[in-house]
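All remarks here apply to the structure that follows.
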Amino acid sequence: MRPPERPANEEERLAALRAACLLDTPTDSIFDNLVELASTIAECPIALVSLVDRDRQFFKSRVGLEASETPRRVSFCAHSLATGEETIVQDALLDPRFADNPLVTAAPFVRFYAGVPIRDSQGFILGNLCVIDHEPRQVAPTQLKALRLIGLQVTEHLATLECARHLKALQLEQANFFEHSLDLLCVASTDGRLVRLNPAWATTLGYSLTELVGQPFMDLVHPDDQPATTSVTRAMIEQKSQVTRFTNRWRCADGSYRVLSW
């Protein structure tokens with residue numbers, strides 16, 4: 001058995017794999033559908049989305065196989081990492097890389113294997129989409145083309161998951177900033193009502209947030225400052241000018257007024 005070579009960018013690749021947050025996670029219905037499709041098109045009883053970790057390969061999705069992972073040293077999929085190319089094995093018993101591989105000589109008795117690399121958005125190979133049979137065989141050109149296309153779908157879904165993670169992290173960062181900022185932050189509707197406010201409003205003006213949400217904010221602005229505030233607000237809504245700074249007075253819960261600089 002010839003163990004798979006490690007690629008020159010192994011550490012960077014492993015960092016990308018960790019960043020993908022897919023190892024040891026539950027099954028994904030889209031991945032499941034894609035491996036089922038690969039199994040059907042290739043007419044193979046086993047199909048996998050395999051992610052190659054430092055010392056193991058984890059099956060993010062699988063059909064026809066009970067094991068959720070195997071050691072990397074016996075992995076067929078790991079051979080694609082160094083070459084960046086597809087791995088096709090028509091008869092594992094005749095291939096010196098795999099003839100005495102325990103996955104060949106014992107269950108699941110791999111004889112045929114076809115795998116296409118799956119990459120993240122940076123181009124790092126995270127693993128393979130592969131199909132496996134218990135009998136030696138060839139892969140038809142149309143089947144190989146279909147596997148490549150399904151592999152691209154796996155890659156696209158990886159990109160979608162990456163975008164979702166980044167969006168969630170951004171939303172969390174924004175929420176933390178909104179909640180903990182000492183400045184007054186708010187969202188107002190175009191009809192002038194306060195929709196969302198951060199806790200600094202309660203600290204600064206003395207109202208509870210419940211009292212403020214839904215109120216027309218102009219009701220809290222000093223009467224003498226309302227015309228200028230209306231003008232500035234209209235300019236922002238209509239995007240006629242870029243307002244960088246203005247001040248006005250806001251009524252506090254105790255009836256006094258505070259000057260706020262926006």
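What you see is a predicted model; the values in this text were computed from it and never measured.
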Hits for side chain to side chain donor-acceptor pair (under 3.5 Å) against Asp224, two or more places apart or cross-chain, chain-then-number order -> none

Residues that Tyr113 engages under ring pair (Phe, Tyr, Trp, His ring centres under 6.0 Å), provided they are two or more places apart: Phe76

With a cut-off of 3.5 Å and sequence neighbours excluded, list every side-chain donor-acceptor pair involving residues 103-112.
from: Thr105; atom 1: OG1; to: Asn101; atom 2: O; distance (Å): 3.3
from: Arg111; atom 1: NE; to: Asp91; atom 2: OD1; distance (Å): 2.9
from: Arg111; atom 1: NH2; to: Asp91; atom 2: OD1; distance (Å): 3.1
from: Arg111; atom 1: NH2; to: Asp91; atom 2: OD2; distance (Å): 3.1

Decide yes or no for [X] and [Y]: does some side-chain heavy atom of the first lie under 4.5 Å from some side-chain heavy atom of the second?
X: Asp53; Y: Leu14; value: yes
X: Gln90; Y: Val139; value: no
X: Asp28; Y: Lys60; value: yes
X: Cys44; Y: Arg137; value: yes
X: Cys77; Y: Gln57; value: yes

Short side-chain to backbone donor-acceptor contact, [X] and [Y], under 3.5 Å:
X: Asp225; Y: Val221; result: no
X: Arg165; Y: Ala20; result: yes
X: Asp120; Y: Gly123; result: yes
X: Asn128; Y: Cys130; result: no
X: Ser256; Y: Cys252; result: no

Among Thr247, Asn248, Thr229, whose side chain to side chain contact (heavy atoms under 4.5 Å, CB included) with Trp262 holds? Asn248

How far does CZ of Arg13 sit from CG of Leu81, to the nearest 0.5 angstrom? 4.5 Å

Who else is in the cluster with Leu149 when I, L, V, M, F, W and Y are joined by side-chain contacts under 4.5 Å? Leu152

Check the pair Arg245 / Ser261 against side chain to side chain donor-acceptor pair (under 3.5 Å), numbers first and verdict last. CA-CA 7 Å; Arg245 177 180 292 273; Ser261 178; 2.8 Å; yes

Show me the pairs that pass ring-ring contact (aromatic ring centres under 6.0 Å, His included) and involve residues 20-69, at least two apart or across chains. Phe31-His157

Evaluate the criterion side chain to side chain donor-acceptor pair (under 3.5 Å) for residue pair Ser208 and Glu211; output intermediate values, then yes/no. CA-CA 5 Å; Ser208 70; Glu211 292 177 288; 3.2 Å; yes

Kindly list each side-chain donor-acceptor pair under 3.5 angstrom involving residues 168-184, sequence neighbours excluded, with atom names and distances?
from: Asn176; atom 1: ND2; to: Leu172; atom 2: O; distance (Å): 3.3
from: Ser181; atom 1: OG; to: Asp183; atom 2: N; distance (Å): 3.1

Would you sort out whether Thr87 and Ser80 count as a side chain to side chain donor-acceptor pair (under 3.5 Å), showing the intermediate values? CA-CA 6 Å; Thr87 300; Ser80 293; 2.7 Å; yes

